[in-house]
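First the structure, in the form of C-alpha cells, and then the observations on it.
For reference, positions follow the sequence shown, starting with 1. Values below: every heavy atom of this structure, side chains too, minus hydrogens, waters and symmetry copies.
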Amino acid sequence: MYHYIEVKLLDNQNNSRKTEQHSNNGPEKKKIFLIINVVIRVLQSLFVFAVVILLLGGALGLGIGMGYFAFLVEDTQPPTKEELQTEISDITEVSRMTYADGTNIAMIKSDLVRTRVDSEHISPLLKKAIISTEDEYFEEHKGVVPKAVIRALVSDATGMGGSSGGSTLTQQLVKQQILTDETTFKRKANEILLAYRIEKYFSKDEIVTTYLNVSPFGRNNKGENIAGVEEAAKGLFGKSANDLTLPQAAFIAGLPQSPIIYTPYSNTGALKADENLAYGMKRKDFVLFSMYREKAITKEEYEAAKSYDLKQDFQPQQESNQNTESYLYNAVLEQATNAVMDINIEKSGVKKETLDDLGLSQYKDQARKEIQNRGYTIQSTIDQTVYDTMQNAVANFGYMLDDGYGAGLVETGNVLMDNKTGRIIGFVAGRDFNVSQSNHALDTIRQVGSTIKPISVYGPAIDQGMIGSESRLANYPTSYTGGGELTNATNSGTNTFDTVRHSLEWSYNIPVYHLNEAMKAKMGDDNFSYNNYLSKMNYPASEAWAYQSAPLGSVEATVLTQTNGFQTLANKGQYQKGYMIDKITDNSGKVIYEHKEAPVQVYSEATASIMNDMMRSVLDSKITTPFKNMINGLNPAFGNVDWIGKTGTTDSYKDAWLVVSTPTITLGSWTGYDNPTAMSPNSGDQNSAYLANLANAIYSVRPDLFGAGEKFTLSKDVIKSNVSSFTGEKPGTFTYNGGTYTAPGPNVESFYAKDGAPKSQYKFGYGGSDANYSAYWGRYATSSPSNSGSTTPSSSEKKEEKKKEDNKKENTTPTSSGSNN
C-alpha cells in the first residue's frame, strides 16, 4: 500500500508538474497573442491614419492643383466657337493664278505647299490610320486623357521615363494652331483648357479632318515642303486623299511624327536611297499594326498591306513650279499683291498717300504673304491664246529689232489693252526671261518721245478750245527760253506756219513747243497739262512735266502707262485704268478682291474724236512710220480695220515707240537697249515692222478683238468750222497796223471741240515773231492799187508751196531723229 501510495503520489506529482508546466505556458502564449494583437491594432491604426492622411493630402493636393491650374490659365480668355474655328483653321494653303478663262497659270510659290479638303474627300482609311496611331482613345476622351497627362507631367518633372507623350489629337491640334511647343506648365494648362473647349464645340470628325489638313507631311516629289493630306496624297502617290489604298494611307499617317525623317523625298524631289527610305517604311508597318491592334483592319488586310511593295507607288521626281520663273507669273503676282495691299491699307483706315516707303513696304510684304499662304485663286485678265501667240511672235520676229549698233539684245515691251475696260489681254515683257528679268511692258520707265504729244499738248489744247485741226502753228527757227536751239527731226524749221494736222503728221517739235508755251501762259500754270489731264491717267508725278522740253518727249513712262493714255483717246476720252487682276477668291469661293471700273472722263468726247481723226492721218500719211503699208501687206483683212496711232523716238535713237489703236483695242510698243545706247536711225521702221507682225499674229488667233468694220467717227458735238487754209481761222477781211487784209482761200473744214474757229486776224497762230508773220503774209501778198495791204496768194505761189511740201515728203526718211517722231 505504501508503495501504491508512493506511486500515486509520484503520479500526482508528475501530474502536478505537468499541470504546472501547462500553467506556466499559458501566460507566454497570451503575451505573444497580446503582442500580435497590439501590432495588428497599431498597423490598422497606422493604415487608417495613412488613409486619412492620404485622403486629406489628396484633397489638399487636388485643391492646390486646381488652384494652381486656375492660376496658370487665369490670363486665358475662353475663346468662342467662332474664334476657335478661325484659329484652328488658320493655315497656310497653296494659292494659284489663272488665265481669264480659269485655266491654271501656276501654283504660287510658298515655303509650305498646302491644299485644304473637306471630310468627304479624305479616305476613311486615312482617318482610322491616324487615330489608331496617334490617339487610340480618340473616340472616348473629351479632349484629354488624364492618366496620360499625369504620366507626362511626372516624366517632365522627374526626368524619368523619357518622352512619355500624352497628347491627344485634339491637344496636338491646339499645339500646332494656337499655342507653341514650349514645355512649360502654363502652356500645358492652356493646352488642356483649349482642348476641352474644342471638344465641346466640334465633332470628332471635324477635329480629325482639321488635324489632317494642318499637319506637316514632309516633302513631295518636287522637293517642296508640304502640309495637309491632299498635298501629301498628290505629292507622294499622284492621287487625291480620297483615293488612297491601305498601305498608302498608312504611310501618310505615319509622317506627322517626324515628317522630314519619314518622307520618301529629298529636298530636290529625288527619291531617297533605300537605307533612308526604310525609316518611313518601318513607320508605315507600325501604323498598320496599330490599326490591326485597334481592330480597324483585319489580320488579312494587315498582312497584305505590310507585304505590299509600296516603293513602286511613289511619284517620280518633277521640276518644282515649272511656270513660276516667267514674266507672266511675276506680273500676275505683283499686280495681285498690289490689289490686296490696297485693300488692307483701306481696312486699316490709313490713307495710302500718307505712307512712306517703309510703310508701303510693310503693307506689301503682308499682302504677299497673305497671297502665298491663304489658298487664294487669282483670276487674271490674260487671254492664254493671245499671250502665247505674243510670246511666239517676239521669238519669231524679235530679230527685226536688232541692228548691231548697241551692246546686247534690243529689248521690247508690248501691251494689248481693251479700250472700253482697260483690261490687259496680253503683253510681251521682253525677248528672253533668261537674259533679262525686267518687265519692259509694265515696269521699265523710259523717255516717251513724241508719243506724248497727242496726250499732253494737242489733246488738252483742243479740249480747251485753243485750236482746231487746221489751226496754224509757227515752225520757224526757234530757241528755248534762256538759250538752246530747238529743232525738228529733219530741219531747224520749215519757215512757215504749219497746220496742227500737218505738224502732227510730221511730228514737228517747234510747233508743239509754241502751242504748249501758249497753253501754259493762257492757263497760268506751267504744269497745266499734267495737273488737269495726265495726272487723271495716273502718269507719274514729276517736275519734268513743267520743263519746256516736256512736250517733245523728255518725260518718262512705262509702255503700260502710254498704252493707257492712248486707250483714253480711243475710248471717247474716258480713261479706264489698265488692270490685270479680275478677281481674287479664297478657298471657299468668297471674293476677296474684284476689279471695279472707275472711269474718268479726261478729254471731252469731241476732243478725243478729233485727235483720233488726226492720228488716223499720221498712219495714213506714212511720213513717220510705214506701219500702215506693212500691216495691210501682211493681211488683206486689215484693210477693214480702222487704225490710228503715233510714233516716238528719243535723242540718238535710244528709244523707239509706236502706239496704235483700233476702235476696240490699243497696242503699244517700245524698243531699246536696257542700258540706254544709240540704236540705228532705222529703229523706228524696225519697230513698226515688228509691231505689224505682232498684230498680225494676234489677229490670226483672235480676229474678233480688232473691231473690223468699226470706225472712229467724229462725235456729234464736234464743231466743224469753215476756215481759211492760209490762217486756219474764219475767212474774212480785217485791218491790222493801218492795213487791210483778207484771209485768202481756199477754205477748208477745221474741227473744234468747243467755241469753233475765231475770226481771222493778223497773228492767227501760236508762236512766231513779227518778222515771221510779216514774211508769211508777204509771201502771198500781191499789189493792189485799191488795197495795198490786202493779200491773196497767186496761183503760181500756191503751186510752188505745194511743190515744196511734196519735195519735203520725198526727201525725208519715214523715221526721224531726235525726240519728235
Looking at [atom1] of [X] and [atom2] of [Y], how far apart are the two atoms once the value is rounded to the nearest 0.5 Å?
X: Asp526; Y: Asn531; atom1: CG; atom2: CG; answer: 10.0 Å
X: Gln567; Y: Gln574; atom1: CD; atom2: CD; answer: 8.0 Å
X: Met537; Y: Tyr530; atom1: CE; atom2: OH; answer: 10.0 Å

### Query
Once the angle between the rings of Phe397 and Tyr399 is folded into 0 to 90°, is it parallel (under 30°), tilted (30 to 60°) or perpendicular (over 60°)?
tilted
### Query
What is the ring orientation for Trp670 with His440, classed by angle as parallel under 30°, tilted 30 to 60°, or perpendicular over 60°?
parallel
### Query
So among Phe734, Tyr741, Phe726, which one has a ring-ring contact (aromatic ring centres under 6.0 Å, His included) with Tyr762?
Tyr741
Between [Y] and [X], does any NZ, NE, NH1 or NH2 come within less than 4.0 Å of an OD or OE carboxylate oxygen?
X: Arg616; Y: Asp642; answer: yes
X: Arg501; Y: Glu470; answer: yes
X: Asp525; Y: Lys520; answer: no
X: Lys763; Y: Asp770; answer: yes

Looking at side-chain heavy atoms only, is the closest gap between [X] and [Y] below 4.5 Å?
X: Asn564; Y: Met417; value: yes
X: Val660; Y: Phe566; value: no
X: Asp443; Y: Thr558; value: no

### Task
Evaluate the salt bridge (Lys or Arg N to Asp or Glu O under 4.0 Å) criterion for residues Arg431 and Asp402: first the C-alpha distance (whole Å), next the side-chain angles of each, then the deciding distance (0.1 Å), finally the verdict.
CA-CA 11 Å; Arg431 298 273 297 276; Asp402 294 326; 3.1 Å; yes
#### Entry: Verdict with supporting geometry, Ser715 and Asp717, side-chain hydrogen bond (donor to acceptor under 3.5 Å, both in side chains)
CA-CA 5 Å; Ser715 68; Asp717 54 346; 2.4 Å; yes
#### Entry: Heavy atoms from other residues, nucleotides or ligands near NZ of Lys572 exceed 12 (cutoff 6.0 Å)
no
### Task
For atom NZ of Lys759, decide whether the heavy atoms of other residues, nucleotides or ligands shown that lie under 6.0 angstrom number more than 12.
no
### Message
Determine whether Asn419 and Thr666 satisfy the following criterion, side-chain hydrogen bond (donor to acceptor under 3.5 Å, both in side chains), listing intermediate values before the conclusion.
### Response
CA-CA 6 Å; Asn419 289 339; Thr666 296; 2.7 Å; yes
